[in-house]
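First comes the structure, then the notes that go with it.
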Protein chains: 2
Amino acid sequence: MAAQVRKERERADREKLIVATARELAEQQGWDAVTTRRLAERIQYSQPVLYSHFRGKREIIGAVALEGATEMAAALRAAANAATNATTNTTRDATTNTAGDSATGGPRGRVLALARAYLDFAERYPAVYDAMFQLDGGLTFAAEETPEPLRDGFTALLETLEDVAGPDVRPGLFTEIFWASLHGLATLSRAGRLPPQDAEDRIELLVDRLSAF
Amino acid sequence: MAAQVRKERERADREKLIVATARELAEQQGWDAVTTRRLAERIQYSQPVLYSHFRGKREIIGAVALEGATEMAAALRAAANAATNATTNTTRDATTNTAGDSATGGPRGRVLALARAYLDFAERYPAVYDAMFQLDGGLTFAAEETPEPLRDGFTALLETLEDVAGPDVRPGLFTEIFWASLHGLATLSRAGRLPPQDAEDRIELLVDRLSAF
DNA sequence: CAGAAATTCTAGCACCGCTAGACATTCGAG
DNA sequence: CTCGAATGTCTAGCGGTGCTAGAATTTCTG
């Protein structure tokens, strides 16, 4: 019965296609443009096929969110890692790096890199970010049954931030406020509610104030 | 022609009724339940009447947002003011107020009270808060043509925060990151993405880290 | 009081998420 | 190979959305 496993694989492929197409459509034209009709048309199937994979549009958003969470966790770890292994930047005058710019492998550089990576992700993939934190994807947070990718995203933040939480401060609690602050910056910036030109200043001020290097 | 001014007043009244009804409906059943049909029915007029006052649903949301901004600014100022005039709390043991709890008239107490008032407003009037910062009300921020109530809300924050921005930090910039952090806490908390029991700890940690008392 | 002007309503458009039931396809037993 | 059952997919449609053209009504004005 190899035919059986082939069908299962094709079905899994189609599911991935749905999620990828939804994400693509959302990135191109926003989530409002992701309608079940358009989505069905793009994958060359009729609407009910979508409902054989997902219980509704919410679940499709949720699937995009989980995919995004995995990517974000990887991006955050990569940034923190790159900052750890970075020494003085050769293209820049080392004497200007007095207070420990991001081009140092110290804690400040790591945290700055982490914050930038987070905000960069939110700005680069706004639709995915919305699916994760802005829209209702039917996902559970801060609980037992929180899906692994979401938990892992939080952990990726925590891995870098636990070093700067400071004494007598639970790393988890510190990560929560750090995350919330980044989330606030990300959403307010993208909605045009904060002056764009000061973005970099805000990141540095926030990181320097929150962190106990 | 006193009839003319009477009609204008009646028209203004009806506009206020629309906004108040939209807000009420949103608070009771969420913004999804605020449809033009339901709204029209509640105010005892047909749908097109709504469109003689507002260009669309967006503008109605925007009107609720402006109303909310005015209220929020007042609430923030009231909280900051009350904290300024507060001395040691008589109902509480003064010796436990070692590190300067909110029941002192000092900067920390003022900022804590401000932060609590902000988050309290967001929690108490989630629909209004959404109209202001989460939904698209067609409003312009961080620009010349930003409506007065919104600017004033920011100013209300700034009035208290400029004292703790610290030297060499633009008060406006500091207010931006403080606001963003509060906004992040407010939205993530309400979406169930942060453990509710640590809410108070988060506020104190955030305030203590951000502020330069 | 009649006609003009302003106001309000009815009815409908194109679209939404979602689904019942018709239709087509694939499978397995004889 | 055949034929009934099971599986898969589609067509068509439901009740809802924001919004608007044009008819109907009310109010104002000469």
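Just so we're on the same page: letters track the sequence lines, and every chain starts at 1.
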Revision key, fill the gap. Bend of the helix from C:dC1-D:dG30 to C:dG30-D:dC1 from end-axis comparison, five pairs per end, nearest 10°, comes to 20°

Check your understanding: Any Lys/Arg nitrogen of B:Lys57 or B:Asp136 sitting under 4.0 Å from an Asp/Glu carboxylate oxygen of the other?
Key -> no

Exercise for review: Could you pull out all residues at least two apart from A:Thr140 that satisfy side-chain contact (heavy atoms from CB on, under 4.5 Å)?
Suggested key: A:Ala143, A:Glu145

**Study point:** Of residues 11-32 of chain A, the positions that come close to DNA chain D - non-hydrogen atoms, cut-off under 4.0 Å
**Key:** A:Arg14

**Study point:** Base of C:dC18 paired with side chain of A:Gln47 (donor-acceptor, under 3.5 Å)
**Key:** yes

Exercise for review: Count the heavy atoms of every other residue, nucleotide or ligand shown that sit under 6.0 Å from CD of B:Glu148, and state whether that count exceeds 12.
Suggested key: yes

Review point. What residues form a side-chain hydrogen bond (donor to acceptor under 3.5 Å, both in side chains) with A:Arg170, not counting sequence neighbours?
Key: B:Asp198

Practice item. Could you check which residues of residues 48-65 of chain A get a heavy atom under 4.0 Å from DNA chain D? Sort them by number, please. Key: A:Pro48, A:Val49

Revision key, fill the gap. When rounded to whole Å, the CG to P distance for the pair B:Leu39 and D:dG16 reads 17 Å

Check your understanding: Are any of the side-chain heavy atoms of A:Arg37 and A:Glu41 separated by less than 4.5 Å?
Key -> no

Check your understanding: Would you say A:Thr36 reaches C:dC18's phosphate, i.e. side-chain N/O to OP1/OP2 under 4.0 Å?
Key -> no

Exercise for review: Could I get the full list of side-chain contact (heavy atoms from CB on, under 4.5 Å) partners for A:Ile18, not counting sequence neighbours?
Suggested key: A:Leu39, A:Ile43, A:Leu50, A:His53, A:Phe54, A:Ile60

Exercise for review: Can you label the angle between the B:Phe174 ring and the B:Phe178 ring as parallel, tilted or perpendicular, going by 30° and 60°?
Suggested key: tilted

Review point. Would you say A:Gln29 has more than 12 foreign heavy atoms packed within less than 6.0 Å of its CD?
Key: yes

Study note, to complete from the structure: ring-ring contact (aromatic ring centres under 6.0 Å, His included) test vs A:Phe133 passes for just one of A:Trp179, A:Phe121, A:Tyr125, namely A:Trp179

Point to revise | Pairing of A:Glu10 and A:Lys7 as salt bridge, 4.0 angstrom limit | key: no

Practice item. Could you state the atom-to-atom distance from CD1 of B:Ile43 to C1' of C:dT7 in whole Å? Key: 14 Å

Exercise for review: Step through the shown structure and confirm whether more than 12 heavy atoms of other residues, nucleotides or ligands are within 6.0 Å of CZ on B:Arg11.
Suggested key: yes

Review point. Is any N or O donor-acceptor pair between the side chain of A:Arg37 and the base of C:dG17 shorter than 3.5 Å?
Key: yes

Check your understanding: Of the nucleotides C:dC13, C:dT19, D:dT9, which one has an atom closest to the side chain of A:Ser46?
Key -> D:dT9

Review point. Which nucleotide in the set C:dC16, C:dC9, D:dT17 lies at the smallest distance from any side-chain heavy atom of A:Arg38?
Key: C:dC16

